[in-house]
Number of protein chains: 2
Amino acid sequence: MATLAEVARLAGVTAATVSNVLRGRGKVGEETRARVLDTIQRVGYRPHLMARALAEGRPPTIALMVTSIANPFYPEFALAAERAARRQGQFLLICNTDEDPEIGRAYFNQISGTLAQGMLVMNSRLDVASLRGEKHAAPVVLCMWERPDQPPELPCVAVDFFAAAVLATDHLLTLGHRRISAIVGSEVTGIHAARFEGFQAAMRTAGVPLSDSDVMFTVDSIQGGYVAAQALLRAEPRPTAIFATNDLPALGAISAATDMGLSVPRDISIIGITDIQLARESRPALTSVAIPTVAAADLAVALLSELVLFGDAIPNKMRVAPPPVLMPRDTTGPCATRSV
Amino acid sequence: MATLAEVARLAGVTAATVSNVLRGRGKVGEETRARVLDTIQRVGYRPHLMARALAEGRPPTIALMVTSIANPFYPEFALAAERAARRQGQFLLICNTDEDPEIGRAYFNQISGTLAQGMLVMNSRLDVASLRGEKHAAPVVLCMWERPDQPPELPCVAVDFFAAAVLATDHLLTLGHRRISAIVGSEVTGIHAARFEGFQAAMRTAGVPLSDSDVMFTVDSIQGGYVAAQALLRAEPRPTAIFATNDLPALGAISAATDMGLSVPRDISIIGITDIQLARESRPALTSVAIPTVAAADLAVALLSELVLFGDAIPNKMRVAPPPVLMPRDTTGPCATRSV
DNA sequence: GTGAAAGCGCTAACAA
DNA sequence: TTGTTAGCGCTTTCAC
């Protein structure tokens with residue numbers, strides 16, 4: 001592969017000049033520039049990104065750390081992050097921690113600052129806990145922080161999941177539902193805590209009582225939602241609506257209801273949060289509260305860049321993504337039993 | 001951040017020695033090694049991967065080029081590829097081409113050989129066409145090549161999709177189905193051609209006639225399958241089974257059938273190919289032919305490494321992944337009308 | 001405008 | 001066993 005030096009030699013100039021031409025820095029004579037450009041074309045020169053990174057003291061890469069890129073929501077975020085990175089001439093490294101904090105740390109130690117100029121970390125309690133207090137070689141941005149009102153110690157992009165849950169719950173309440181059960185896709189104090197609190201708050205505000213048996217904590221998956229919904233739907237009297245803290249459990253709840261011979265939304269309304277692609281595409285299309293995934297990714301990449309350029313000195317280390325938006329679809333409808 | 005030189009100075013040795021300690025090369029005195037190790041610990045030294053890459057002439061990264069990481073199958077492959085890469089101390093770069101060949105080329109030109117030591121390219125006609133005949137700076141491996149019997153001009157990992165389709169079709173035939181329609185998730189000569197041929201071959205072998213109206217070509221998505229199935233199911237007499245070249249259209253077909261008041265699998269059996277996570281998790285669980293995703297990813301990463309190390313000289317540039325496996329689940333059952 | 005020179009942090013012969 | 005010496009390919013002052 002042709003190098004800068006070669007191009008310089010062939011063009012009868014010095015490496016510095018070629019470099020200047022390449023990046024439009026410094027003054028270069030029109031004729032010289034043309035000759036250099038021509039030579040570059042001719043030999044098919046391409047700058048060596050690693051060498052450039054070494055010289056510039058900063059790699060053209062940012063890393064995205066997730067538990068598993070195969071988890072349904074992450075690819076959508078990753079896609080948006082990659083596009084945002086690409087727009088700035090950066091490349092995206094994917095780091096799957098496989099739920100193993102050791103792997104997360106290893107990734108961090110290896111690439112932070114040496115292969116990636118910064119790290120985007122998906123908001124998982126594990127990661128946050130292990131990152132907090134660490135002295136970092138390169139900036140970190142927590143993505144999808146769930147509480148804009150409670151900034152973490154690390155830079156972050158916050159999405160108001162509390163508001164999302166309120167939006168979802170109010171939608172159900174507006175439709176006349178009063179017996180509303182909830183499926184929470186994490187343990188009590190887990191990552192969906194803000195959403196659960198939003199649900200509780202909305203119910204409280206509406207003056208609708210809520211008992212412990214109306215809530216199931218489970219894993220954030222279709223299966224988890226399926227099982228939880230089965231339990232919830234066996235209650236007497238049966239709930240007329242189910243609020244799920246995420247789309248996957250909501251999707252599972254639909255299956256559970258259908259399998260029990262219930263019609264969605266006639267017998268039971270179901271709503272989720274996030275609005276993943278699958279929510280839109282599956283039948284019946286899931287009513288959900290859309291999280292601004294793309295905007296959050298953009299903000300995250302931008303914030304990371306700022307941190308890289310200006311260091312920890314920047315004033316506001318939390319960016320708040322646009323508010324969630326209700327996406328009414330086919331799984332929610334007016335409460336039937338109400339008119340009874 | 002501490003550098004090798006600093007560590008060397010503090011440990012009272014030279015950089016070469018520290019380097020040797022770090023990589024277990026050369027002979028280093030026990031005492032010296034201990035002192036160096038200690039210093040490394042003390043100052044929290046971490047090797048600079050970019051610098052190392054420059055010196056070694058090869059970056060510790062491989063790139064995965066896909067049209068969009070958010071396409072349901074890719075994340076599963078990407079996860080497997082990342083794990084395989086990680087096992088060899090490599091990092092995975094994600095490149096979304098967004099279906100745009102220009103972006104694909106740009107990625108290629110920029111990072112091939114300079115930021116990534118090799119490229120994994122998902123088998124899309126576009127990419128293959130544009131890569132063929134190019135002089136490459138770094139090795140390329142085509143992933144998920146669909147015809148083990150027709151090796152491409154580039155190194156590749158092949159998965160026998162023809163066999164997968166035969167497996168799926170035979171499953172339907174064995175269940176007694178004769179009126180079988182097909183949903184092909186690509187244009188006629190597209191990426192699913194081998195699967196469609198497998199379907200045709202199996203039908204022919206079984207002596208079951210097939211007319212043009214029994215086949216719909218559509219896009220590889222739930223929606224695509226939904227629409228195609230609607231058309232197919234309106235035929236008289238109605239098919240008793242649908243073969244889809246991919247899981248997503250198969251999932252869409254289930255919804256279409258259900259929406260038309262048909263019961264799956266009582267009224268209509270549906271089978272897909274790939275066995276994506278969603279196929280297992282959605283209800284009813286989709287019968288599918290599992291593609292060896294993990295094995296293919298492992299083979300791809302291994303082949304790429306070989307190409308990087310030994311160049312184009314290696315004898316066999318095609319690796320064939322293990323055969324597909326039928327995964328009978330809840331969407332296929334015996335043909336009811338047969339006993340009529 | 002263009003060139004010379006000094007690195008960026010690390011590896012890899014080859015000496016000692 | 002350890003040190004010396006060259007780079008890897010590029011950027012970036014600072015002279016000319």
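The chains referred to below are lettered A, B, ... by the order of the sequence lines, with proteins before strands, and numbering in each begins at 1.
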Q | Salt-bridge contact A:Asp98-B:Arg86 (side-chain N to carboxylate O under 4.0 Å) | A | yes
**Q.** Whether B:Arg319 side chain and B:Val157 backbone form a donor-acceptor pair below 3.5 Å
**A.** no
Q. Quick check: does any side chain N or O of A:Glu146 sit under 3.5 Å from a backbone N or O of A:Phe161, one acting as donor and the other as acceptor?
A. no
(Q) Assess, by modelled atom type and distance only, whether the side chains of B:Glu99 and B:Ser68 contain a donor and an acceptor separated by less than 3.5 Å. (A) no
**Q.** A:Glu56 with A:Arg23: basic N within carboxylate O range, under 4.0 Å
**A.** yes
Q. Under 3.5 Å, is there a donor-acceptor pair between the side chain of B:Thr61 and the main chain of B:Leu92?
A. no
Q: Go through DNA chain D in 5' to 3' direction and return only the first and the last nucleotide with some atom under 4.0 Å of chain A's heavy atoms.
A: D:dG9 to D:dT12
Q.
Considering every strand and a 4.0 Å limit on heavy-atom distances, what is the contact class for B:Thr32: base, sugar-phosphate, or nothing?
A. sugar-phosphate
Q: Assign each of A:Thr17 and A:Met1 to its nearest nucleotide of DNA chain D by heavy atoms, then name whichever residue's nucleotide is nearer the 5' end.
A: A:Met1
**Q.** Boundaries of the chain A footprint along DNA chain C (any atom under 4.0 Å from a heavy atom)
**A.** C:dG1 to C:dG9
Q: Would you mind checking if B:Arg33 and B:Asp38 are paired as a salt bridge, meaning a charged N to carboxylate O distance below 4.0 Å?
A: no
Q.
Looking at A:Asp298 and A:Arg87, is there a salt bridge between them, counting it only when a charged N and a carboxylate O are closer than 4.0 Å?
A. yes
Q | Gap between atom CZ of A:Arg83 and atom CD1 of B:Ile69 - 0.5 Å precision | A | 12.0 Å
Q) Going through the checks in order, is the side-chain hydrogen bond (donor to acceptor under 3.5 Å, both in side chains) test met by B:Gln88 and B:Ser305? A) CA-CA 9 Å; B:Gln88 328 190 143; B:Ser305 295; 2.7 Å; yes
(Q) B:Tyr45: which residues meet the ring-ring contact (aromatic ring centres under 6.0 Å, His included) condition with it, sequence neighbours left out? (A) none
**Q.** Greater than 12 external heavy atoms within 6.0 Å of B:Gln150's CD
**A.** yes
Q. So how far off straight is the helix from C:dG1-D:dC16 to C:dA16-D:dT1, going by the axes through five pairs at either end, to 10°?
A. 40°
Q | DNA chain C-proximal residues of residues 41-58 of chain A, any heavy atom under 4.0 Å | A | A:Leu54, A:Ala55
Q: Quick one: label B:Val13 by what it contacts on the DNA or RNA (base, sugar-phosphate, nothing), any heavy atom closer than 4.0 Å.
A: sugar-phosphate
Q. When we call it a touch if two heavy atoms are under 4.0 Å apart, what does B:Thr3 touch: a base, just sugar-phosphate, or nothing?
A. sugar-phosphate
**Q.** Residues in salt bridge (Lys or Arg N to Asp or Glu O under 4.0 Å) contact with A:Arg46, at least two apart in sequence or another chain
**A.** none
